[in-house]
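Encoded as structure tokens, the structure appears first; notes follow it.
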Amino acid sequence: QVQLVESGGGLVQAGGSLSVSCAASGTIFSFNTMGWYRQAPGKQRTLVASITNGGTTNYADSVKGRFTISRDNAKNTVLLQMSSLKPEDTAVYYCTAKIFERAYWGKGTLVTVSS
């Protein structure tokens with residue numbers, strides 16, 4: 001019943017900004033943690049940023065200071081604001097949400113940063 005749907009991916013030039021969002025449907029509860037992972041071709045999926053229902057954030061070192069994650073618990077949405085984008089940020093970005101030991105995943109949205 002739970003679905004996560006990402007939106008906002010696209011093509012941007014290096015140094016530019018872009019935001020990706022994730023909306024959860026079919027939920028009657030707040031997720032413990034929501035976040036974003038990304039996967040570039042030939043690489044493993046890695047954590048970009050996460051945020052707990054208490055507002056505690058965690059960022060990968062590679063994006064710290066450039067990306068900002070936020071959430072709206074009432075709407076079960078999570079937003080990732082990305083700035084000073086680099087070609088190395090190019091990847092499919094996946095939304096994830098976790099409640100207790102159960103995790104849900106979106107299908108991903110592609111972010112391409114051109115040089």
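What you see is a predicted model; the values in this text were computed from it and never measured. Side chains included, hydrogens not; waters and symmetry mates left out as well; all remaining heavy atoms used.
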Test your reading of the model: is there a side-chain donor-acceptor pair from [X] to the backbone of [Y], 3.5 Å cut-off?
X	Y	result
Q39	Q44	no
T90	T112	no
N76	S25	no
D72	T77	no

> Is K64 paired with D61 through a side-chain N to carboxylate O contact shorter than 4.0 Å?
Replying inline: yes

Grab the two heavy atoms, one from [X] and one from [Y], that are nearest each other, plus how far apart they are.
X	Y	answer
S115	A14	CA-CB, 4.4 Å
F31	N53	O-CB, 3.5 Å
S50	T33	CB-CG2, 3.9 Å

>> The test is side chain to side chain contact (heavy atoms under 4.5 Å, CB included); show your working for S70 and V78 and say whether it passes.
In response: CA-CA 6 Å; S70 60; V78 61; over 6 Å; no

> Is the closest side-chain donor-acceptor distance between Y93 and R38 under 3.5 Å?
Replying inline: yes

Taking side chain as C-beta onward, heavy atoms only, is [X] less than 4.5 Å from [Y]?
X	Y	value
D89	V111	no
F67	S83	no
L4	W105	no

State plainly whether one hydrophobic cluster holds both [X] and [Y], where clusters connect Ile, Leu, Val, Met, Phe, Trp and Tyr through side-chain heavy atoms under 4.5 angstrom apart.
X	Y	value
L85	Y37	no
M34	Y104	yes
V20	V12	yes
L79	Y59	no

>> Using the side-chain contact (heavy atoms from CB on, under 4.5 Å) definition, which of the options K86, Q81, M82 pairs with R66?
In response: K86

Just how far is it from atom [atom1] of [X] to atom [atom2] of [Y], taken to the nearest 0.5 Å?
X	Y	atom1	atom2	value
Y94	C22	OH	SG	13.5 Å
Q3	C95	CD	SG	12.0 Å
L80	R71	CG	CZ	14.0 Å
I51	N32	CD1	CG	13.0 Å
I99	S30	CD1	OG	8.0 Å
Q13	L18	CD	CG	12.5 Å

> Under the side-chain hydrogen bond (donor to acceptor under 3.5 Å, both in side chains) test, which residues partner S21, sequence neighbours left out?
Replying inline: S7

